[in-house]
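In what follows, a single structure is set out as structure tokens and then discussed.
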Amino acid sequence: MSFLRIENLSVAIRGGGPLLRRVSLEVAAGEVMALVGESGAGKSMIGKAVLGILPRAAQITEGRIWLDGEDLLALSATARRQRIGAKAALIPQDPLTALNPVRRIAPQITDRLVDILGWDRAKAEARARDLLGEVQIADPDRVMRSYPHELSGGMRQRILIASAFAAEPRLIVADEPTTALDVTVQKQILRLIRDMQARHGTALLFVTHDLGVVSKICQRLTVLYGGLVLEQTDVRAFFKAPGHPYSAALLAATPRHDDPEASLNPVPEAVIAAAQAEVAAFDRSAPHG
Amino acid sequence: MDDIYDVQGLRLSLADMARKPLFGPAPRLEILKGPTFRIRRGEVVGIVGGSGSGKSTLGRALVRLLEPSAGTIRFEGADITHLDDAALRPLRRRMQMIFQDPMSSLNPRHRVGQIIAAPLVLHGDDDPRRRALEALDQVGLPRGFATRYPHELSGGQRQRVGIARAIALRPDFILADEIVSGLDVSSQAQVLAVLRALVRDLGLTLAFISHDLSVIRRLCDRVIVLHQGVIVEDGPCAQVFAAPSAAYTRELLDAIPDPDPDQPWF
Ligand SMILES: Nc1ncnc2c1ncn2[C@@H]1O[C@H](COP(=O)(O)OP(=O)(O)OP(=O)(O)O)[C@@H](O)[C@H]1O
Ligand SMILES: Nc1ncnc2c1ncn2[C@@H]1O[C@H](COP(=O)(O)OP(=O)(O)OP(=O)(O)O)[C@@H](O)[C@H]1O
Ligand SMILES: [Mg+2]
Ligand SMILES: [Mg+2]
């Protein structure tokens, strides 16, 4: 069985409409699954549901989530938190709010190692320093002693990447992990992610809007619109021939470095209207979904 | 007078508190090491460079959220390098910064409508509510979002609230710090179209910090490349992209991943 398996997951806002509509996806050990789709499609919601950190107003109304063969939603809340903490980690979308503004960086990386893996602090700090080096932080000693506001946006994002990798989790949900990085650092980070994955067989759920990045490090991809999966396929097949008009439009809107004349093509309104119609048709066929 | 900004030999250092000895002053960390450039009215200037190279610091200095240690910044001919808060107040409406971290700059306890209207109220706009709703339209968010709280929005939706707040004031100059990096291609296209329309219709001047070179190439007339606090290249976009003169610029261009799984990249 895949390391992560989500089956028919629906999430709704209490007293509001659904945000996820029977989403199913699997990520095997050592595999990178891309999750793409426009702003508000529900990409972060999927990650939050897996990690048990949905906003209080949101609620799972249907479906199952298996992590390493265990049915997470069948566990007690305490057991669930413990399993998730030991096996999975998140690289969150918003790098500043994810770090505690009044604590220095060092303990924010090492706490997990000390609390979850039972390492002693000195060993955890040495590991944290090495990891900061690996994510191309030029001055790890200064950064370990800094507060978040003393660091640039890209530095904070790399700290969160380092801290997600620190405890060698078997699943990482990476929510737009390189949005604050310049392309050279992004490339080094993606190489690092790929190497760590090869070494530890980490399963990766990779949320991104950058199809260039998808083509370089993901094996499979899920296209989401309005909380509904429109397409799920192999990356090579996708770039050869996207299987849904909406995915084809996303691909056409992606800039190419070797084609500077290509103008920015937003997804055509007719394509969006068709995707919306699909969501509406789904709701008619599954009224309580 | 056609320069909106004239920046000469800008230096900025900050106290390195992480290395502060128990007694005595903290050592200084040199962040900006002498950038010199002008920005013409109505121009769209891209600022690119490595993570930690000083782009956000430069942006904060331009809108005078930070005070330079040396050098001068002229805004429409007036030296604003060391103006105090009171003297800066009348300028604040005219220079806006849209921040890199949307969540940290939006008050979590206020609804979106209030967040966008607050600066309008502060500056005595006649109809802040209407302006706020128009600004939501302009960034492609439904008007119904005015009653939501920031935590009820997705990352990209929050980013657009930050943009709506800045453009609602109709400033003369906007410094946008990585504002489209987290957006999908269609939201990106929408935001870029809004910015372009503002530049064209209102004569807005825009400095646009981004690590996304394809966005810079589409949006900007000119691009400044910053590397470790120093400008290594400054020229028209078309020229810099076609024939970069600095090794660092070339390195950046080579690291862009094209959407093609068969093309070797790593
Ligand atoms: N607490 C909440 N209450 C109501 N609606 C919410 C709440 N949190 C999120 N939403 C809505 O749920 C939808 C999905 O949000 P999600 O954060 O998963 O989007 P996303 O695909 O990650 O988008 P982005 O690319 O912009 O980050 C959005 O339309 C958002 O407005
Ligand atoms: N308040 C501060 N105290 C100490 N150092 C700071 C402070 N603010 C920024 N720095 C340092 O200044 C340098 C430049 O930061 P800046 O935020 O300008 O970079 P940037 O080019 O915007 O990078 P990014 O692309 O990652 O956002 C970094 O090394 C950062 O750690
Ligand atoms: Mg998101
Ligand atoms: Mg920055």
Side-chain angles (χ1 to χ4, degrees), chain A residues 36-40 43-44 55 57 93-97 136 138 141-147 150-155 158 175-176 179-187 190-191 194 209-216 235-236 239 250-251 253-258 260 263-267 272, chain B residues 14 16-19 29 48-57 100-104 151-160 177-178 181-190 192-193 211-215 217-218 238 241-242 251-263 265-266:
Chain A
V36 305
E38 69 189 53
S39 176
K43 305 180 296 292
S44 298
Q93 185 171 6
D94 199 335
L96 185 58
T97 39
Q136 312 293 319
D141 286 312
R142 168 171 83 92
V143 168
M144 294 272 283
R145 282 197 299 271
S146 295
Y147 290 97
E150 296 170 332
L151 303 172
S152 81
M155 290 161 97
R158 284 178 280 162
D175 198 348
E176 309 268 16
T179 46
L181 304 180
D182 67 86
V183 284
T184 56
V185 172
Q186 167 176 271
K187 185 170 180 171
L190 293 178
R191 188 182 287 135
R194 195 194 54 172
H209 64 271
D210 187 338
L211 288 174
V213 168
V214 170
S215 78
K216 302 305 177 200
V235 159
R236 279 214 145 63
F239 284 94
L250 275 188
L251 187 53
T254 303
R256 287 191 67 104
H257 156 224
D258 52 10
S263 62
L264 203 55
N265 312 302
V267 175
I272 295 202
Chain B
L14 291 169
D16 183 356
M17 297 311 287
R19 293 235 159 83
L29 205 61
V48 306
S51 173
S53 61
K55 304 179 296 296
S56 299
T57 305
Q100 187 167 5
D101 281 292
M103 198 57 184
S104 62
H151 73 265
E152 297 175 336
L153 304 177
S154 78
Q157 290 163 346
R158 256 179 236 150
Q159 188 57 275
R160 283 182 280 172
D177 194 353
E178 297 284 12
S181 337
L183 299 182
D184 62 274
V185 279
S186 51
S187 315
Q188 246 181 30
Q190 202 168 22
L192 295 185
H211 69 265
D212 190 333
L213 297 162
S214 23
V215 167
R217 181 183 246 173
R218 274 197 184 81
F241 281 91
E251 230 177 90
L252 281 179
L253 290 171
D254 288 341
I256 300 174
D258 274 328
D260 180 353
D262 293 322
Q263 200 179 70
W265 180 67
F266 277 115

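A, B, ... follow the sequence lines: proteins, then strands. Residue 1 opens every chain.
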**Message:** Working note: V185(A) + H211(B), criterion side-chain contact (heavy atoms from CB on, under 4.5 Å); need CA distance, chi angles, decisive distance, verdict.
**Reply:** CA-CA 10 Å; V185(A) 172; H211(B) 69 265; over 6 Å; no
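Note: E150(A) CD to D16(B) CG = 7.5 Å, rounded to the nearest 0.5 Å. Atoms CG and CD, from L183(B) and E176(A) in turn, are 8.5 Å apart once rounded to the nearest 0.5 Å. One distance of note links OG1 of T179(A) with CD of Q159(B); it measures 9.5 Å at 0.5 Å rounding. Atom CG of D182(A) is separated from atom OG of S181(B) by 11.5 Å, given to the nearest 0.5 angstrom. Distance CG/L253(B) to OG1/T184(A): 11.0 Å, rounded to 0.5 Å. Interatomic distance, I256(B) CD1 to Q186(A) CD, rounded to the nearest 0.5 Å: 10.0 Å.
Proximity to chain A (any heavy atom under 4.5 Å) is restricted, for L213(B), to the side chain, taken from C-beta onward. Heavy-atom distances place the side chain of S154(B), and not its backbone, under 4.5 Å from chain A. For chain A, no part of D212(B) is nearby; none of its heavy atoms comes within less than 4.5 Å. At a 4.5 Å heavy-atom cutoff, the contact between L29(B) and chain A is made by side-chain atoms alone.
Between the side chain of K216(A) and the main chain of P259(B), no donor-acceptor pair closer than 3.5 Å is present.
Here the side chains of P55(A) and H151(B) are not in contact, with every heavy-atom distance at 4.5 Å or above. By the 4.5 Å heavy-atom criterion applied to side chains, R160(B) and S39(A) are counted as neighbours.
Heavy-atom pairs under 4.5 Å with chain B peak, among S215(A), G154(A), S146(A), at S215(A). Of all the listed residues (S44(A), A57(A), A180(A)), the one sharing the greatest number of non-hydrogen pairs under 4.5 Å with chain B is A180(A).
Electrostatic pairing of D141(A) and R19(B) does not count as a salt bridge here, judged by no charged N lying under 4.0 Å from a carboxylate O.
Scanning all heavy atoms of the two residues, the minimum distance from L190(A) to F266(B) falls at C-CE2, 3.8 Å. The two residues Q157(B) and G40(A) come nearest to each other via the heavy atoms NE2-CA, 3.8 Å.
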